[in-house]
Amino acid sequence: MPLHAVEITLTRPVTPGELRRAAQAMALAPDADRTRLMTVARGKTARQALRRTRNRLQHLLPIDILATHYPDSTGSVLINIALPESVHAYLEDAARREGRSTEAHLTDAVHHALARAEHDRVRRLDAALDELLTWTTPHQLLAAAARTINQPTTHGAPGC
């Protein structure tokens, strides 16, 4: 059965005792602040590996999200989120009204939310540049951006 790399995002930093107990169930590699862990899980599919990981660790760790670490052949990362029953029922009802599966409905909702967030980010950046260009020239703005980008310290939003 193939191995799948699984990233575990926690709701809070895991304590050393919790980490020790969980590591008895499966091998875990924590990040520096102990809010994310990596593991490998066996499964015929990535979905099965995520499900097995959750089943083994859900009572040992404050798990928020499980995700495949590497994208699949379509470039997608599979996520596993334990939703409250009321939210799950709402999603099932919304999907049923659309004549779709809950997974397809949720996938589209996430894609739309990500596209909306990207659109909003671009709009904010455009507005900030328009504001800067009211009191500087494009040449000065480009020169300042180049200086900032070339500085040895890290700049920008998280993930940039």
Side-chain angles (χ1 to χ4, degrees), residues 1-96 98 100-125 128 145-160:
M1 200 172 318
L3 290 170
H4 300 272
V6 176
E7 184 172 348
I8 304 165
T9 304
L10 304 171
T11 59
R12 61 169 171 75
V14 68
T15 67
E18 288 172 323
L19 186 57
R20 249 188 330 277
R21 284 186 293 279
Q24 291 173 350
M26 51 189 331
L28 297 168
D31 68 348
D33 66 3
R34 297 186 329 267
T35 58
R36 292 182 0 185
L37 308 169
M38 288 296 300
T39 190
V40 289
R42 291 194 182 279
K44 289 180 183 177
T45 64
R47 182 182 315 276
Q48 187 180 57
L50 292 177
R51 193 175 315 117
R52 284 182 176 182
T53 301
R54 183 170 295 279
N55 289 340
R56 284 186 183 163
L57 300 175
Q58 68 185 347
H59 299 296
L60 301 170
L61 296 171
I63 297 174
D64 190 16
I65 299 170
L66 300 176
T68 52
H69 187 65
Y70 299 107
D72 63 14
S73 60
T74 67
S76 297
V77 172
L78 187 63
I79 62 173
N80 175 297
I81 304 170
L83 299 172
E85 191 56 41
S86 60
V87 173
H88 196 270
Y90 172 81
L91 290 171
E92 283 180 329
D93 186 51
R96 190 173 28 260
E98 294 177 2
R100 303 174 64 204
S101 71
T102 304
E103 182 178 344
H105 175 76
L106 187 55
T107 297
D108 282 352
V110 168
H111 287 159
H112 288 294
L114 291 172
R116 212 171 25 253
E118 176 64 12
H119 175 76
D120 290 348
R121 188 188 66 74
V122 168
R123 195 176 68 237
R124 283 191 311 273
L125 179 60
R147 279 192 311 276
T148 302
I149 290 169
N150 287 322
Q151 287 179 354
T153 57
T154 314
H155 294 282
C160 291

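- Summarising the geometry, atom CG belonging to N55 is positioned 11.0 Å from atom CG belonging to L50; distances are rounded to the nearest 0.5 Å.
- Atom CG in L57 sits 5.0 Å away from atom CD1 in I8 (nearest 0.5 Å).
- Judged by distance alone, with hydrogens and angles left aside, the side-chain atoms of T68 form no donor-acceptor pair with the main-chain N or O of V77 at under 3.5 Å.
- P16 and R34 make their closest contact through CD-NH2, 4.1 Å (heavy atoms, listed as atom of the first residue, atom of the second, distance).
- Between E98 atom CD and D93 atom CG the span is 10.5 Å, to the nearest 0.5 Å.
- For the pair P30/V14, no side-chain contact is recorded, criterion being any heavy-atom separation below 4.5 Å from C-beta on.
- Here the shortest heavy-atom pairing between H4 and A46 reads CE1-N, 3.5 Å.
- Note on residues 42-52: pairs passing side-chain hydrogen bond (donor to acceptor under 3.5 Å, both in side chains), not counting sequence neighbours, are R47-E103.
- Shortest non-hydrogen contact noted between D72 and T74 is OD1-OG1, 2.7 Å.
- In summary, of the residues considered (L37, I81, T53), a side-chain contact (heavy atoms from CB on, under 4.5 Å) with L66 occurs for T53 alone.
- Nearest heavy atoms, I63 versus R54: CG2-NH1, 3.7 Å.
- Between the CG atom of L106 and the NE2 atom of H111 there is a distance of 10.0 Å, given to the nearest 0.5 Å.
- Considering only heavy atoms from C-beta on, L19 comes within 4.5 Å of L28 through its side chain.
- Minimum interatomic distance between A95 and S101 (heavy atoms only, all atoms of both residues): CB-O, 3.6 Å.
- Atoms NE2 and CD, from H105 and E92 in turn, are 11.0 Å apart once rounded to the nearest 0.5 Å.
- The two residues M26 and V40 have their closest heavy-atom pair at CE-O, 3.8 Å.
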Discussion item. Evaluate E18 against R12 for side-chain contact (heavy atoms from CB on, under 4.5 Å), listing each step before the verdict.
Written reply: CA-CA 12 Å; E18 288 172 323; R12 61 169 171 75; 2.6 Å; yes
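- For R20, the CZ atom counts as loosely surrounded, since its 6.0 Å shell holds 12 or fewer non-hydrogen atoms of other residues, nucleotides or ligands.
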